[in-house]
Structure formats: C-alpha cells, structure tokens
Amino acid sequence: MRQTILSISNLSKTFGGVVATDDLSLDVEQGELHAIIGPNGAGKTTLIAQLSGEIFPDNGRILFQNKNITMLPPFKRSHLGIARSFQITSLMQGMDVIDNVALATQANDGHAYKFWKPARDDRDLRQSAIDALKEVGLEGREFEKVQNLSHGEHRQLEIAMALATQPHLLLLDEPMAGMGTEEGDKILKILQKLKKRKTILLIEHDMDVVFALADRITVLVYGRAIASGSPQSIKTDERVREAYLGTEGDLNC
Amino acid sequence: MRNLLTRKSFNFAFIISVGLLALLPLYVEMTGDDFYLDLANRLMILAIAAVSLNLILGHGGMISFGHAAYLGIGAYSVGIPAYYEIYDGLFQIITAVFVSGVFALLTGAVSLRTKGVYFIMITMAFTQMAFFGIVSIEEYGGDDGLVIDTRSTFGNFFDLEDTVTLYYFVFVSLLISLFIVKRIMESRFGMVISGSKSNERRMQSIGYNTYRYKLVCYVLSGCLCGYAGALLGNFTNFISPEMMDWTASGELIFMVLLGGSGALLGPLWGAASFVLLEEWLSSITTYWHFFFGALLILVVLFARGGIDGLLSKIGLSK
Ligand SMILES: Nc1ncnc2c1ncn2[C@@H]1O[C@H](COP(=O)(O)OP(=O)(O)OP(=O)(O)O)[C@@H](O)[C@H]1O
Ligand SMILES: [Mg+2]
C-alpha cells in the first residue's frame, strides 16, 4: 500500500469576502503525481501558498509525513522536504543562473553560516547545482545572468531551484505558464522524467498535459474540491463537466 | 573555467589610490605640510565606516539611517576609558566592537522586523536615542563632548600618538576591512545576503531564515563601524554626541550611494569624494551642502553604479 505523504484536512482561507479555500481535504500519496485543476481564481495558488507556509490558513490542518506543519514558516518546511515553484517567476535577478541554484543547494546541506571560504570555489556545491541545471535542460547557461534568460528558460530555472533543495514533495504552480507549445513540450518531458522519482503536486491549466501526467486529479472550484480521482473518472464526472467546463464541454479539447 | 579567463586580476584605480595613500606620509615628511595627512586620515576612517554601511545597505539592501551611532559608540569607547586614564588600545577597540555588536543586535532584532521606510525610520530613531543618551550623561561632557588627552597605546609595542603611526594604523585597517568584506561577500553567507537582497521571498522558500542572516550581517556591519569609530576618536582627540547626529548617518549613506552601492570599492571612492569635495566646496561657499545634494541627485538619476560604475565603464575598476 502507498503511504500518504501530505494530508490536508478541512483547510479554509478567506480574503475579506472571498473564500479562496473552502473546507478543503485532500491527500497526496508517496510517489504519485497529483494534479489540481480548476478555473481562474479557484484558489489553486492560495492552496500552494498555504502548503509552503507563505500564508497561514484560517482553519484546518496540514500534515506532512505525519507531522503537523500547518503553522510552520516556509524555510522550515523547505528543510522538511517541501519545495515549490512559482506561477509568476520568482528568481534572484542580478545573480548568475548557477548562483541561484547553488543557493538552493546550500540551503539544505546545512552549511550556510560560512563566512570565509569562497562559495564559488566549492566544487561539490557547484557540481550539484550543475546537475540540477542539467535536469531541466539549462546546461551551458550556468554563467548567464538571470535577467538575460528567455521566459522559457526562466520557467526551467524555476523548476531547477525547487529540485536543488532535494525535496520529497514538489509543489509546481503552473510550470508552463505563458509558454509556447515548443517550450511547453520541453517542460512536459522534464516532468515525465521527474515524476518517476518524485512526489509531485502539479497545478496546470493544459488538459492534455494533465491527462498525460497525472495519476490522480482533484478539481477545485471556488476553493472547494468538487471531485477527486483517476484521470478516467474525472473525464467522465458529471459535476466536473458542469462546474468546470460547462455542460457542453469536452475535457479532451 | 570561463570566470577565470575573464576575471581581471588587478584594478587600476585601486592600485593607484593605495599607492598614493601609502606614499603620502613621505611627501608630507618632505614638505612638512600636515594638512593632507589629516585629510587622508579622515578620508580613510570614513571609508571604513562607509565600507561597513555598504555591507548592509549595498550588499544586503538594508537602508539604515542610523549608522553614525556606531561611530559614536566606537569613539566613546576610546574617550570614556581615556577619561579614567585607561589608554590600552586593545581594551578600547574590543569595547568598541563589542558594544557596537550588542547595540546592533538589540536594535537590529527590532528594526529588521520592519521593511522599507519603517526600517529607515526605526534605525534613525534608535540612533537618536543613543544620541540623547550620551547628551544626558553630564559626567562625560554631555552636549559639549569630551577631550581625549592621550591616544590609544598598545602595550610597549607602539601607540597612536604620532600622527604618521596613526595614519598607517588606519591605512592597514582600511585594507583589512576591504579584504574581510570581500571574503564575506564571496562566502556562502555572503551569497545568502546577496540573494536576500534580490528576492527575499524566494530565499525563504528555498530554506533560508532570511531574518537571522540579515541580523548577523547587521551585527557584523555594526562591529566594523564601531571599530571605525574608535579610530575616529583617536584621530579627532575630541568626541561629542554630534558624531551620532542624524546628518552624520546621512553623510555615510551619501558616500555609499555616490561611490557605488554594493560595489566592494564603492565606499572608498565615496568617502574620498566626500572628504575632498567638502574641503574644496566649503572653501569657496558656505552652501556646499547644496552642491552635495545636487550631485547625489545626478548620480541617482544618471549613474546608478556611482563612481565605481563609471570607473569600470572606462576600465579602471572591475
Ligand atoms: N492576497 C490576497 N488578497 C486578497 N485576495 C486574494 C489574495 N490572494 C488570492 N486572492 C483571491 O483568492 C482567489 C483565489 O486566488 P488564487 O490566486 O489562489 O487562484 P488560482 O486558482 O491560482 O487562479 P489562477 O488560475 O488565475 O492562477 C481569487 O479570487 C483571488 O482574487
Ligand atoms: Mg494561480
């Protein structure tokens, strides 16, 4: 039997009058790729923010590897093995690509309070950073400044940074946001490789991608999970059709 | 590696400046004109203070408007012991660095909970408190300040009474300060500070308690500036609360911005320009502050990298 790595129960969050997360309960199992879909404003990013600790829920509980992390700050969750990527690219502008990734690496090898040895001469650190960059197809771009990368490369770097923290659980918030088909395919290939060895919670708008990758899908509407199950069962679920795509909708389009 | 090939191994502007500073006492010896020695001495002490401010302001993105507090703490760490006829330099310097570190730790722990303009205001407020704290102690001269009759001594080895000895002591201190900050900024810790300046949210997300790193940086910066204060006390022979005035903090910010915020050597260029311009402008007009203001506006608008940025553009600084 598979183990539950992340268990969310009765999570709620409101912003003023807006209910962004509404009594949401959801489990993610070890090794699976769990996709979350839902229309704009459904509360997907808000959910990720609560899982990564950027915002705290009004109610409910989040267990990660049976540990209550509901109120832990982001850096502590990172040390426990949760990493996220951002829907709106969030990188260290002004620094080299490799420095961005090396920072993510050194955050989790426990030696960041070193004041004297030059960090860029640390071979192990550089090598792990280069490995993470290879994994997302950014080899050869190590010494480029972040602001000189293309949008697609920014999205690849987003994933590399999350990966470099050596997480047990990856939270990916629309990794293909704003990409063309070709660039999107690149990310799809990366995710296909990744899903073999990581537990992933993926938020994605593109249905083809979701059905190609997901072991399980949860549909979020107005902060509430209206359906959760295998891709097949989601495709044929009446409520999903109604709420998410309109009655005429076809989930394959 | 690519880095190695493109890295310039020396920096023209720096080498020339260091050479001039190193040889200046010889020139003074020959001409007997002390004036330039004093000018350069003050320049180097302020440069150390600006280097320390640059660590938090330029590298760390923490805009402190209260850095002069450490100049004051450092100076009084020489002056108060001297008042009790304790002239031991090691004791004075350790006191300066330690008290500055504690002051930075306590005020930083509170200030760094805030951001932006609140941070600026609160750092300023703490320094005003230190200012009025000193003013209120009649024993140490209050408003009028305190005369230091004897400069620091270091056992039987040497003392700073002789101006040239003091000069070289400051000169070596400046070089060591620059070297320390260079090492720190290239270390793992320094990378975290740069990262936090660039994108604090992402740094927290990848596992950094950025508050703690910034606080450590804030304390290091305070310690170094306290050291500069101890030198300043020795140099001026007279200390007063004025040293901690908010305008003194403003002048340090001016030096950092003018020289090139976040550049290793920026504070050196900034302090040099400040001291030389002040000397020159104040000899021709009493409104020299006006020209400083105008200059700062020009730099902020048209030369974001400050003097260091301009020097690297023409290939004199890397
Ligand atoms: N910080 C905030 N303050 C106020 N309202 C917010 C805040 N963050 C999100 N919201 C609101 O909460 C709701 C959910 O937003 P969220 O960004 O989580 O949606 P989403 O599913 O990620 O949408 P998208 O597909 O566009 O990325 C929206 O109505 C949004 O306006
Ligand atoms: Mg979103």
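Reminder, nothing fancy here: chain letters follow the sequence lines and each chain counts from 1. When reading the values below, keep in mind they use all heavy atoms of this one structure, side chains included, and skip hydrogens, waters and symmetry mates.
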**Student:** Under 4.5 Å, heavy atom to heavy atom, which residues of residues 161-175 of chain A contact chain B?
**Tutor:**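 Residues in range: A/Met161, A/Ala162, A/Thr165.
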**Student:** Do B/Arg202 and A/Glu158 make a side-chain contact, defined as non-hydrogen atoms from C-beta onward lying under 4.5 Å apart?
**Tutor:**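 A side-chain contact under 4.5 Å exists here.
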**Student:** Taking atom NZ as the centre, does A/Lys189 end up with more than 12 heavy-atom neighbours from other residues, nucleotides or ligands that are less than 6.0 angstrom away?
**Tutor:**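 No.
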**Student:** Check whether any side-chain heavy atom of B/Ile180 sits under 4.5 Å from a side-chain heavy atom of A/Phe115, and report yes or no.
**Tutor:**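 They are not in side-chain contact.
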**Student:** How about CZ on A/Phe56, more than 12 heavy atoms from neighbouring residues, nucleotides or ligands closer than 6.0 Å, or not?
**Tutor:**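 Yes.
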**Student:** Side-chain contact, heavy-atom cut-off 4.5 Å: B/Arg188 with A/Asp122?
**Tutor:**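 They are in contact (side-chain heavy atoms under 4.5 Å apart), so the answer is yes.
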**Student:** Heavy-atom pairs under 4.5 Å with chain B - which of A/Gly53, A/Ala104, A/Ala102 has more of them than the others?
**Tutor:**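 Of the candidates given, the most pairs with chain B belong to A/Ala104.
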**Student:** Select all residues of residues 64-75 of chain A having any heavy atom within less than 4.5 Å of some heavy atom of chain B, and report them by number, or 'none'.
**Tutor:**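 If one takes a 4.5 Å heavy-atom cut-off, the residues of residues 64-75 of chain A near chain B are A/Pro74, A/Phe75.
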**Student:** For A/Phe15, is the CZ atom crowded, meaning more than 12 foreign heavy atoms sit under 6.0 Å from it?
**Tutor:**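 Correct, the count exceeds 12.
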**Student:** By a 4.5 Å heavy-atom criterion (distance strictly below it), what part of A/Glu142 contacts chain B: side chain, backbone, both, or neither?
**Tutor:**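 No part of A/Glu142 comes within 4.5 Å of chain B.
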**Student:** Using salt bridge (charged side-chain N to carboxylate O under 4.0 Å, His left out) as the criterion, list what pairs up with A/Lys198, not counting sequence neighbours.
**Tutor:**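 None.
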**Student:** Side chain, backbone, both or neither: which part of A/Ala83 has a non-hydrogen atom closer than 4.5 Å to chain B?
**Tutor:**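 No part of it gets close to chain B.
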**Student:** Taking B/Ser187 for the side chain and A/Pro118 for the main chain, is one N or O donor matched with an acceptor at less than 3.5 Å?
**Tutor:**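 Not at all, since once roles are kept as given, no pair shorter than 3.5 Å links the two residues.
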**Student:** Considering residues, nucleotides and ligands other than B/Arg183, do more than 12 of their heavy atoms fall under 6.0 Å from its CZ?
**Tutor:**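 More than 12 within 6.0 Å, yes.
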**Student:** For B/Ser64, give me all partners under side chain to side chain donor-acceptor pair (under 3.5 Å), at least two apart in sequence or on another chain.
**Tutor:**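 B/Ser64: no side chain to side chain donor-acceptor pair (under 3.5 Å) contacts found.
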**Student:** Please report the shortest heavy-atom distance between A/Ser78 and B/Ser205, naming the atom on each side.
**Tutor:**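 Minimum heavy-atom separation between A/Ser78 and B/Ser205: CB-O, 3.6 Å.
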**Student:** To the closest 0.5 Å, what do you measure between CD1 (B/Ile184) and NZ (A/Lys114)?
**Tutor:**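 Answer rounded to 0.5 Å: 15.5 Å.
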**Student:** OG/A/Ser52 to CD/B/Gln204 distance, rounded to the nearest 0.5 angstrom?
**Tutor:**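 These two atoms lie 10.5 Å from each other.
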**Student:** How many angstroms lie between atom OH of B/Tyr208 and atom CD of A/Gln106, to the nearest 0.5 angstrom?
**Tutor:**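 That separation rounds to 3.5 Å.
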**Student:** Nearest 0.5 Å, please: how far is CD1 in B/Ile206 from CG in A/Asn100?
**Tutor:**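 Separation between the atoms: 7.5 Å.
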**Student:** For B/Ile314, is the CD1 atom crowded, meaning more than 12 foreign heavy atoms sit under 6.0 Å from it?
**Tutor:**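 It does: B/Ile314 CD1 has more than 12 such atoms within range.
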**Student:** Between B/Ser198 (side chain only) and A/Gln93 (backbone N and O only), is there a donor and an acceptor less than 3.5 Å apart?
**Tutor:**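 Judged by distance alone, yes, a pair lies under 3.5 Å.
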**Student:** Determine, step by step, whether A/Arg120 and B/Met191 satisfy the side-chain contact (heavy atoms from CB on, under 4.5 Å) criterion, reporting the C-alpha distance in whole Å, the side-chain angles of both residues, the deciding distance to 0.1 Å, and the verdict.
**Tutor:** CA-CA 9 Å; A/Arg120 292 191 180 90; B/Met191 298 297 284; 3.7 Å; yes
**Student:** For A/Lys186, does the NZ atom sit with more than 12 other heavy atoms under 6.0 Å from it, leaving out its own atoms?
**Tutor:**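 No.
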**Student:** Compare all side-chain heavy atoms of B/Met203 with those of A/Met92 and state whether any distance is below 4.5 angstrom.
**Tutor:**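 B/Met203 reaches A/Met92 side chain to side chain.
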**Student:** Give the member of A/Lys76, A/Arg84, A/Arg77, A/Glu54 that has the highest number of heavy-atom pairs under 4.5 Å with chain B.
**Tutor:**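 Maximum pair count with chain B is reached by A/Glu54.
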**Student:** Work out which heavy atom in B/Asn199 is nearest to a heavy atom in A/Leu91; give both atom names and the distance.
**Tutor:**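 Here B/Asn199 and A/Leu91 meet closest at ND2-O, 3.0 Å.
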